[in-house]
Every structure is written in C-alpha cells, then in structure tokens.
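Because the structure is a prediction, the values reported are computed rather than measured. Excluded from the calculations below are hydrogen atoms, water molecules and symmetry mates; all remaining heavy atoms, backbone and side chain alike, are included.
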Amino acid sequence: MNPAARADMESRADRALRRGELTEALRLYESLVRAFPADEGLALKLANARELLQPAELEVLEAARAEASIPLPVGPSSPVQEGERLFALGDYAGAAACYRRAVQERPDSELLKERLIELYGLAKAMPLQSPTDRALPDKPEPRLQALLDRVASRRRLKRD
C-alpha cells in the first residue's frame, strides 16, 4: 500500500469514527494495522475504536467474523464481489474495472457509481501497474489510463 492509499484509508477510517460508524472504522483500522503492524499510532486508534463499541456490539461483530470465516462454495462471483476482493488485495485498478462492469449491468445504481468514482481516485494515486497484474512492471496499462482519462473528461464536462 503506497502512502497516498494509506492516507486515504486512514482518513476514511477517521471520518467513519466521527460519523459514529464504529464497525466500519474498526474494519478500516484493522486493515491498516495488518498492513503496518509497527505503527503504534494506528494500533492506538484501533484500540480506541474498540473501546467505543459496546460489549454486545463486539459480540455481534465477532460472530459475523466467525460466520464469514466459514468457506463459502466457490462459484462465479458478481462483478461487485470480485471488485471488493480486488480492492482488499490493493488492486484498485482491477476493482474499478469490476465496478465498471457492475455499472453497465445496473446503470441506475447511484451506490455503484459512487464506489466507482472512489476507486478511480485510488487507482490514480497508485502506480500504473496493479498488484495482481502478471505483466512486466515497466509496461504501463494503456486501457486503464484511457479509462481514467475518460472519467476525468466527464468530470470536466459536468463542472462546465
């Protein structure tokens, strides 16, 4: 995870904490602590977020995690599920491509569009080579760059 992606994830966690979305803040802080185990500031933020949860909320959260650890049957996943999987791996460009397919399937979904815009921002902050690509590191991704350019031009058109 590069410094820009880390800063973005940390700011989203801080924002979720301020909004009272404790489980979301906890999830983001836990991801950050797993990625940066030596950072004491993140560990402190995680501990503070845990303290804000009620014991009953912690039990529900732990039960949901235990249920999620049960292996699900392997089968075709939806573009949104695949996008979230790639997002968790740090492949923001791949996740954006999956969400783009999901938006094509459901063009009226504002939630999918918002997530796609967020992913484009993260993909721009990342190097052109995504972590799950098998291509050579010195080869840029022309399709991703074209996609990002198209999004930027649409944003300029909306502002005008």
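Counting only heavy atoms from C-beta outward, the side chains of D14 and Y29 approach each other to under 4.5 Å. Between E114 and E118 the shortest side-chain heavy-atom distance does not fall below 4.5 Å. Using a 4.5 Å heavy-atom threshold, the side chains of L111 and R115 count as separate.
Within the 3.5 Å criterion, the main-chain N or O of D108 finds no donor-acceptor partner in the side chain of K113.
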* To do: Check the pair E30, R27 against salt bridge (Lys or Arg N to Asp or Glu O under 4.0 Å), reporting the backbone distance first and the verdict last.
  => CA-CA 5 Å; E30 286 173 343; R27 183 186 65 80; over 6 Å; no
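Remark: R12 engages D8 in a salt bridge, criterion side-chain N to carboxylate O under 4.0 Å. Salt bridge status for E10 with K45: present, with a side-chain N to carboxylate O gap under 4.0 Å.
Nearest heavy-atom pair, A49 versus L26, reported as atom, atom and distance to 0.1 Å: CB-CD1, 4.2 Å. For V103 against L112, the heavy-atom pair with the smallest separation is CG2-CB, 3.8 Å. Contact between A102 and V80 at its shortest, heavy atoms only, is CB-CG2, 3.7 Å. Minimum interatomic distance between A13 and A25 (heavy atoms only, all atoms of both residues): O-CB, 3.6 Å.
Note that CG of L116 and SG of C98 are 10.5 Å apart. Values are rounded to the nearest 0.5 Å. The CG atom of L28 lies 11.0 Å from the CG atom of L46; values are rounded to the nearest 0.5 Å.
At most 12 non-hydrogen atoms from other residues, nucleotides or ligands lie less than 6.0 angstrom from CD of E40.
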